There are 4 protein chains.
Amino acid sequence: MYNLLKGKKGIIFGALDDKSIAWKTAERAHEEGAKFVLTNAPVALRLGTINELAEKTGSQVIPADATSIMDLEHLVDESMKILGGKIDFVLHSIGMSINVRRGNHYTHQDYNFTKKGWDVSALSFHRLMSVLYQRDAMNEWGSIVALTYMAAQRVFPDYNDMADNKAYLESVARSFGYFFGRDKKVRVNTISQSPTPTTAGSGVKGFDGFMNYAEKMSPLGNATALECADYTISMFSDLTKKVTLQNLFHDGGFSNMGISTEVMDMFMNQSQDKTEEGLPKEKSKKKK
Amino acid sequence: MYNLLKGKKGIIFGALDDKSIAWKTAERAHEEGAKFVLTNAPVALRLGTINELAEKTGSQVIPADATSIMDLEHLVDESMKILGGKIDFVLHSIGMSINVRRGNHYTHQDYNFTKKGWDVSALSFHRLMSVLYQRDAMNEWGSIVALTYMAAQRVFPDYNDMADNKAYLESVARSFGYFFGRDKKVRVNTISQSPTPTTAGSGVKGFDGFMNYAEKMSPLGNATALECADYTISMFSDLTKKVTLQNLFHDGGFSNMGISTEVMDMFMNQSQDKTEEGLPKEKSKKKK
Amino acid sequence: MYNLLKGKKGIIFGALDDKSIAWKTAERAHEEGAKFVLTNAPVALRLGTINELAEKTGSQVIPADATSIMDLEHLVDESMKILGGKIDFVLHSIGMSINVRRGNHYTHQDYNFTKKGWDVSALSFHRLMSVLYQRDAMNEWGSIVALTYMAAQRVFPDYNDMADNKAYLESVARSFGYFFGRDKKVRVNTISQSPTPTTAGSGVKGFDGFMNYAEKMSPLGNATALECADYTISMFSDLTKKVTLQNLFHDGGFSNMGISTEVMDMFMNQSQDKTEEGLPKEKSKKKK
Amino acid sequence: MYNLLKGKKGIIFGALDDKSIAWKTAERAHEEGAKFVLTNAPVALRLGTINELAEKTGSQVIPADATSIMDLEHLVDESMKILGGKIDFVLHSIGMSINVRRGNHYTHQDYNFTKKGWDVSALSFHRLMSVLYQRDAMNEWGSIVALTYMAAQRVFPDYNDMADNKAYLESVARSFGYFFGRDKKVRVNTISQSPTPTTAGSGVKGFDGFMNYAEKMSPLGNATALECADYTISMFSDLTKKVTLQNLFHDGGFSNMGISTEVMDMFMNQSQDKTEEGLPKEKSKKKK
């Protein structure tokens, strides 16, 4: 729409299906004139519909297990060949917790699953940047973005060990971002997105309740996957060259809310109910 | 109980009545062996019951309008005379918003009231420290604490212009705390306390609803005025000499919560109600 | 260059001369297809060269004292007339401290100057948003940005009372941003920019030393006024619709640095000098 | 000195030798009337002098590898037997990075070492709390503290992968702290301490330079190991019952400094030198 990424080359991880933020980002990057390679873990390639996206955007798909340095080296080397030069932007949108899938409680984890989840969700970002850095694969003023979630700062009980993984991921963004900035003029940031009804996200226990709460709490409402893609495009563009080491909240304002009037109303009624023996309140009907 | 403040001399602002955090702090400081002067604005002295506290703790009361440098100079000079030397600890517990009292909406303030509230609630802290600093009235390793509220960081709509005043107050703690630390070895911190049913606090619109929400959100529940007094004592003691420029949350964990299971339950039921056409849920009965 | 603001209407405060961030933002907004009104305080209009900018960008200049509600009402009403409709973006770039100008030390301020500085630099942002809100002058999904500085979070001794003003300003962004978001679907953010050698900034005591330090500390170096303008454009564009209540650091990474290798080298040499009696080190010659 | 921990029972990890923060904490806890068990990894027990501390404080030493659930279970069970009941306080002071020891650059880690370091330094805290929680081994209003470092928030290049481990550790404190608070009324916090010349700390490359920098930057100077022990005692005492999920900076103010006048002076001279061709400045002589 704006040619914001005209001539830019990228690698996009994590486009499972058309609900994925990575999928929307790929579509938007394509519209903005970028060329890119799509990648995901082999198992995710089978489960999802990435070939459809590849066709739509004229991209190639290169499978890569983000826990394998060799896979990542192959991915980066091939991407430079396919795209004809160094990389301008990278999206890391990878995360999974076996403890969540299996319904293990946070306080009683299977630590083999914990390690696996950390390796895939968090250490993978270090591994990816390490390969990009060692191979000198990024152009100056390139931009690396990883998606994260506010559970890295505050407690969301059902987010389980993914909270700790995201905290590690965000720390890697800062730690590696320093060297990537100093040595290669590349910026590294994380985008902390609203709860989003992707195929992965929806699986989390209590997801609907939390979406509902976040919607009521956020002055602009929850941010959608497409809106996140738009924001990511802005972080890949030349308009944001000096933004680095940041964790950027893209959440309709949720992160800086203490309480909203809508949520407050629920608790006032409840507290009045208690005090005044549960008489129904007119006020609750006025809520939009 | 522990003689933590044995031999220490202090000034305590803001003990209106026995619900006040400052009142509880004075009682606890007395128990811990401190001597101190009590002070408040002349109007608050008349409205409240501070003389009862003075008697109980063997303290003198010196009226001071915190917007008047001359009053503060008089207070500090008299306090040093009465206590027989320099000051070891100071509690600033002062705040008021005429916009809140009058029910003015945040978006449509009377700016004369806004200025007055800022002058009393926020600039007063600078004025107080300026007098203490110019007069070299603090002992080395002394401790200055101001009470604040998390509306300085996040939105609590009914807290109105007090949110902005508290942000200014916390900034003054850092800015002045640097010079007080470097030049006089005095530490300056703010304590950000749970919503507390003091005479002042309870007046805020929707206070009960908010207390209720914060209680459900905080893993340890809301902190009481007495618990805040205990924490303040620890900040006045020699155990915390190197803590400075900090904003310290004393809130049962509220500040780092995204959502609690109890609050989540309310929104899950609601979202299930929507989905499943409002059939009553068993689950909601199980909530304590 | 990208037509990012095509069809959008704005108001830009604070373009004193061609070093101003607001000046660069106006030039970039013009390039991106926006129409806007320029404004500044009457005295700043006389001192600066804003008419040159107005001519270059085909804009009109409307004087407004940001401490006067009437001036702001006139500005907003006239702007809507001139631009033919509601406003899409607003830049608040206003700040001044008489204490700084007069060389008053932070610990010993003239409180009349403190009040004036707060009124102009911080409360002006509330006043501006109040007028925009009351007059329903913003289009849905409009964007309001104020420029700020990291002294609101951390101590920069020479920044003086502007630190506290910026803390208040950032709080106003959150507090008002909530209502503007909830009621009008307008986002409100602050951009916290690197030290920038504008005509205003350069006047601060020790500015060169600080620029030098920040440059050595930031992995991408200090952000320029033009780069800040680019970033501000991204915040006015439709790519960032769900970003609100945020304080966004645009500083080459400075805000998340503890220490850089370059700054570390200076202190290692110094500490080795002490230990080893000041023998010159080879290492210091290697610094770039 | 104050009987602050009279009757309290604890477990203290990580007292290698008399420079250790854990060592000082044990001594101070002993003075305050606590009984406790000392523990460390078998290899650390051999390298250090913990038996001296055990004798001095009348404590028993139980070896435990913090990566082994069985060792931790044994430790907790034995501790309750020895101490005669449930635990009131726990100190986690465990950290090591093989990448640091081997001099691997952050950008080019050996990921087996990375995993080992994370397992020992960060996941160990989850494991420890999981055992305490499953065995219901903590008394109500007990207190769990882990030591951390500000590299979790900001970049300190030589801190290497320990930065990311500390970020994970702090996240575990919040995530687990929620359940420990809600279910057992136990608080969990981390203390983020100044750089401290312990046997472990001093090994980090450039440690002296960094100590020097932090000392000059902090208004109260760096906090010592003994001061950290005092602060930790306050967090174990009943004065801080409602503080939980917090990361508490104990650093003489470093964490909220942007720049100090002393550091600024170094950069002003340097920048003047550049401008004015290196003429020596009188000012630099005045620095203390």
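The figures here come from the full heavy-atom set of this structure, side chains too, leaving out hydrogens, waters and symmetry mates. Treat the numbers as computed from the prediction; the structure is a model and nothing was measured. A, B, ... follow the sequence lines: proteins, then strands. Residue 1 opens every chain.
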Note to self: Would you say that more than 12 heavy atoms from the other residues, nucleotides or ligands in this model lie under 6.0 Å from the NE2 of A:H105, or not?
What the structure shows: yes
Separation between [atom1] of [X] and [atom2] of [Y], rounded to the nearest 0.5 Å:
X      : Y      : atom1 : atom2 : result
A:F176 : D:D164 : CZ    : CG    : 10.5 Å
A:K166 : D:S171 : NZ    : OG    : 12.0 Å
A:Q109 : D:L123 : CD    : CG    : 7.5 Å

Pick one of side chain, backbone, both or neither for [X], based on which atoms fall under 4.5 Å of a heavy atom in chain A.
X      : answer
D:L169 : neither
D:V172 : both
D:N165 : both

Check: For chain A, which of D:S175, D:A151, D:A122 has the most heavy-atom pairs under 4.5 Å?
Finding: D:S175
Check: In terms of heavy-atom proximity below 4.5 Å to chain D, should A:E170 be classed as side chain, backbone, both, or neither?
Finding: neither
Note to self: What part of A:Y106 gets within 4.5 angstrom of chain D, counting heavy atoms only: side chain, backbone, both, or neither?
What the structure shows: both
Next item on the list: For D:R174 and A:A163, indicate whether the former's side chain and the latter's backbone hold a donor-acceptor pair under 3.5 Å.
Entry: no
Margin query: With side-chain contact (heavy atoms from CB on, under 4.5 Å) as the criterion, how do A:I69 and D:Y111 come out once you've worked through the C-alpha distance, each side chain's angles and the decisive distance to 0.1 Å?
Written below: CA-CA 10 Å; A:I69 282 280; D:Y111 290 110; 3.8 Å; yes
Checklist line | For chain D, the option from A:A167, A:A152, A:G177, A:P157 that forms the most heavy-atom pairs under 4.5 Å | finding: A:P157
Notebook entry, point to check: With respect to chain D, which residue among A:F180, A:F179, A:Y178 yields the maximal number of heavy-atom pairs within a distance under 4.5 Å?
Noted result: A:F179
Checklist line | Shortest non-hydrogen contact between A:Y168 and D:T114, atoms and distance | finding: OH-CG2, 3.7 Å
Checklist line | Neighbourhood of chain A inside residues 125-143 of chain D, taking heavy atoms under 4.5 Å as contact | finding: D:H126, D:R127, D:S130, D:Y133, D:Q134
